[in-house]
Every structure is written in structure tokens, then in C-alpha cells.
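Worksheet: the structure to be examined is printed underneath.
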2 protein chains.
Amino acid sequence: MCHHCNYNSILKTSELSPTPNRLKILEIVGNNNRPLSAQDIFETLSRSEEINRVTVYRILDLLVEKGVIDRISSGGRSFHYGLAPNKNHPSHPHFYCKLCGNLECLNPEGVHLEIEQIIRTFPGVIEKVEVRLDGVCKICLRNNKKFSNH
Amino acid sequence: MCHHCNYNSILKTSELSPTPNRLKILEIVGNNNRPLSAQDIFETLSRSEEINRVTVYRILDLLVEKGVIDRISSGGRSFHYGLAPNKNHPSHPHFYCKLCGNLECLNPEGVHLEIEQIIRTFPGVIEKVEVRLDGVCKICLRNNKKFSNH
DNA sequence: AGCATTATGCAAATGATTTGCAAAATGTCA
DNA sequence: TGACATTTTGCAAATCATTTGCATAATGCT
Ligand SMILES: [Mn+2]
Ligand SMILES: [Mn+2]
Ligand SMILES: [Zn+2]
Ligand SMILES: [Zn+2]
């Protein structure tokens with residue numbers, strides 16, 4: 001969720017012309033407090049615009065390619081998308097609820113990750129680090145007594 | 001890769017009868033040095049046995065459900081499977097190569113992860129933590145000069 | 001306006017996984 | 001052992017997310 005970003009200028013500095021669709025998709029991704037699936041984004045956008053699902057996929061691919069957004073794997077079958085980390089938005093872990101399928105952003109303070117050693121010694125190129133916790137979210141926990149223990 | 005595990009008894013203590021197919025699939029997963037996709041496992045098994053792909057999926061689901069193996073998300077579209085962490089096999093991060101699609105196990109020493117705070121404060125149930133590094137592996141790096149910088 | 005480039009839509013294809021249902025294998029017990 | 005229940009497997013088809021091919025529309029540039 002960002003109130004500081006000028007999405008228009010982000011697109012321009014990323015070599016992407018700020019077309020209405022790109023701008024709207026970037027806004028949807030950026031103004032949300034959790035990473036959204038392509039389907040989520042398509043549905044949200046469809047409420048106000050006429051747009052094809054494939055266009056959404058293509059724009060998401062573009063934004064990922066240019067490093068504007070991150071493709072985040074959930075514990076399920078679909079990818080989710082969130083703003084790529086930058087000075088305003090530090091990289092942070094996510095939580096995936098296996099019951100409702102929602103992915104939520106976690107506070108970066110809550111998890112400490114040290115990867116210096118691996119970065120020094122790894123013989124390939126490391127471009128991205130993903131930390132994901134899986135389990136049952138607060139809401140599903142309330143609705144599903146059987147998961148309260150264990 | 002495990003030389004200490006008795007897969008047969010692992011199955012039994014997990015309330016699963018040790019059928020030949022279950023045993024073979026668990027051996028393939030357990031004796032491999034990286035997490036395999038269902039397709040990998042199916043192909044490996046098919047070299048010696050006649051088995052249906054769906055049976056592989058179903059056995060993998062069972063083993064995941066019983067906590068014998070972990071379903072690990074790659075940076076791509078398919079899940080991979082590896083032995084669930086236990087006393088002999090500590091939990092560890094993985095590396096996904098976006099070019100060849102391979103997933104490899106990383107040394108648990110190379111990455112330090114502290115999640116006590118999130119575990120204390122998170123209002124749901126945390127069952128699993130996944131750390132994945134994405135990029136280009138050593139081999140693809142060698143074959144693909146254009147990735148050597150950047 | 002004329003022409004090249006880019007963005008979008010639509011239908012169909014693909015890849016991974018899941019489901020439904022029936023047959024085969026295995027277990028139980030009289 | 002034979003009858004019956006339960007479990008495991010196979011096969012075909014369905015589902016879901018994503019991608020591709022190709023045609024049209026929109027935009028940018030001279
Ligand atoms: Mn996030
Ligand atoms: Mn591993
Ligand atoms: Zn939930
Ligand atoms: Zn590779």
C-alpha cells in the first residue's frame with residue numbers, strides 16, 4: 001500500500017509508456033495491502049473498466065520484467081503480485097493461509113534474515129529472496145475450530 | 001538425500017500402509033539431493049514401473065498431508081517435493097533457477113532466519129516457513145553470458 | 001494523411017493438477 | 001476359503017492458471 005509513489009513516473013522511469021491500463025493495474029497492485037492474484041486484479045479492474053484477462057497477464061508480465069512489481073508465489077497454484085521493494089517499501093515476508101488462499105504482508109521487523117554468507121558463496125546470481133509462512137489465518141481460525149489446537 | 005531414514009517405518013508411523021508405490025515414491029523423494037516436481041517423480045518411477053501419473057499425485061498428496069514430505073513452491077508453475085524436516089534433516093532454503101527451472105537445496109548454515117517475534121505475535125497458526133532464493137544457477141550462467149553481469 | 005510500432009481482444013492451446021467413476025488389489029472375518 | 005468391505009489404482013475428462021497466435025485497434029511519428 002503506497003501513498004508516496006507516483007505510479008505515473010515509476011512507469012516512465014521504467015521505460016514503460018504510462019497507458020491507462022498499465023497505470024490502473026499498477027495502482028491496484030500498489031494501493032493494496034496484500035499481494036493480489038491476476039484474477040483478483042482482473043476482477044477489481046473489471047468493476048470499472050472493460051478489459052480482457054489476457055491484457056492483465058501481459059501487463060503484469062511487463063511490470064515484473066521491468067522490476068516495478070514482484071511476482072510472489074503463494075502456497076497455492078497461482079502467483080500473486082505486489083510492489084517491488086524500494087526505499088519506501090522494504091522487502092518483507094508474507095503469510096499464506098491454506099484455507100482461504102489469501103496472502104498477507106508481514107512486518108519486516110518480525111523476521112530477521114541473514115543471507116550474506118550464501119550471497120558470498122553461491123556460484124550463481126541471486127536476484128530475489130522470498131520468505132513465506134504458511135498456515136491458517138486469524139479469520140479462518142475463528143471459523144474453523146478444529147485448527148485451534150495443533 | 002537420506003541414508004539414515006527407514007522409509008518403511010516412516011510410512012508406518014505416519015498411519016500409511018507401506019505399499020510398493022508409496023515406498024518407491026518416498027525413496028525417490030528422499031534419496032534425491034533436490035526437491036522434485038511430480039513430473040520428475042513420475043518420469044523417474046516410470047523407468048522401472050508401470051504407474052499412472054494420477055497415482056503419483058495422489059500419493060504425493062497423502063505424504064504431504066501426513067507430514068512426511070513438504071510441498072515446496074518453486075519460482076515456476078509447478079510444486080516440488082522434498083523430505084519434511086526432521087532431526088536428521090534440518091529445514092533449509094532453496095534456490096530456484098529461472099532459466100532451467102531447477103530447484104536446489106541450500107546449506108541451512110548459509111541463511112539465518114529468526115521468526116520468534118512473528119510466531120509470538122501472529123494471530124493465526126504458522127505451520128511452515130519457506131525461504132527461496134531466485135536467480136540464475138551456475139550452469140545456466142556459464143551457458144548464458146548475458147547474465148554474467150547485472 | 002500514410003506508415004510503423006505498440007497495445008489489446010478473442011479463441012485456442014498448454015501445463016499442472018484435480019475429479020469422477022469404475023476396476024483391481026488387499027484386508028477382514030466367519 | 002469365500003463373501004464382503006475398504007483401499008488403491010487407472011483412465012478419461014474436467015478444472016484452473018497461464019500462455020500463444022493471430023487479427024484488429026490504438027497510438028506515435030513524419
Ligand atoms: Mn507484501
Ligand atoms: Mn531441500
Ligand atoms: Zn484464511
Ligand atoms: Zn539453471
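- Distance alone, capped at 3.5 Å, is enough to place a donor-acceptor pair between the A:H92 side chain and the A:P90 backbone.
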- Item | Pair B:S73-A:S74, side chain to side chain contact (heavy atoms under 4.5 Å, CB included): steps then yes or no | CA-CA 8 Å; B:S73 68; A:S74 74; over 6 Å; no
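- Atom pair A:D40:CG and D:dC16:C1' shows a separation of 14 Å (rounding to whole Å applied).
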Write down the protein N/O and nucleotide N/O pairs, taken from nucleotides 10-20 of chain C, whose separation is under 3.5 Å; answer none if there are no such pairs.
| residue | atom | partner | partner atom | Å |
| --- | --- | --- | --- | --- |
| C:dA16 | N3 | A:R77 | NH2 | 3.2 |
| C:dT17 | OP1 | B:F79 | N | 2.8 |
| C:dT17 | OP2 | B:Y57 | OH | 2.7 |
| C:dG20 | O6 | B:R58 | NH1 | 3.4 |

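- B:Y57 belongs to no hydrophobic cluster with other residues, because no ILVMFWY side-chain heavy atom falls under 4.5 Å from its own, directly or through intermediates.
- Taking CD1 of A:I72 as the start and CZ of A:R132 as the end, the distance is 10.5 Å to the nearest 0.5 Å.
- The heavy-atom pair separating B:K66 from B:E15 by the smallest distance is NZ-OE1, 3.5 Å.
- B:E50 comes within 4.0 angstrom of the backbone, heavy atoms only, and of no base.
- Taking atom CD of B:E49 as the reference point, atom P of D:dT8 lies 18 Å away to the nearest angstrom.
- One can place CD of A:E65 at 12 Å from P of C:dA7, the figure rounded to the nearest angstrom.
- Transitive grouping of hydrophobic side chains (ILVMFWY, heavy atoms separated by less than 4.5 Å) keeps A:Y96 and A:L36 in distinct clusters.
- Between B:L11 atom CG and D:dT7 atom P the separation is 17 Å, expressed in whole Å.
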Distances for protein N or O near nucleotides 23-28 of chain D N or O, under 3.5 Å:
none

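- Among pairs with a residue in residues 14-55 of chain A, none fulfils ring pair (Phe, Tyr, Trp, His ring centres under 6.0 Å), at least two apart in sequence or across chains.
- Grouped with A:V111 in one hydrophobic cluster are A:F95, A:L106, A:L113, A:I115, A:I118, A:I119, A:F122, A:I126, A:V129, A:V131, A:L133, B:F95, B:L106, B:V111, B:L113, B:I115, B:I118, B:I119, B:F122, B:I126, B:V129, B:V131, B:L133, the linkage being side-chain heavy-atom contacts under 4.5 Å among Ile, Leu, Val, Met, Phe, Trp and Tyr residues.
- If you take CG of A:L36 and P of D:dT18, they are 13 Å apart, rounded to a whole angstrom.
- With sequence neighbours left out, A:N52 forms a side chain to side chain contact (heavy atoms under 4.5 Å, CB included) with A:V54, A:T55.
- In this structure, CG of A:L62 is placed 11 Å from C1' of C:dT6, rounded to the nearest angstrom.
- Look at CG on B:L63: it is 12 Å from P on D:dT8, rounded to the nearest Å.
- A straight line from NZ of B:K24 to C1' of D:dT9 spans 12 Å, rounded to a whole angstrom.
- Regarding contacts with the backbone of C:dT8, a side-chain N or O of A:N21 is found under 4.0 angstrom from either OP1 or OP2.
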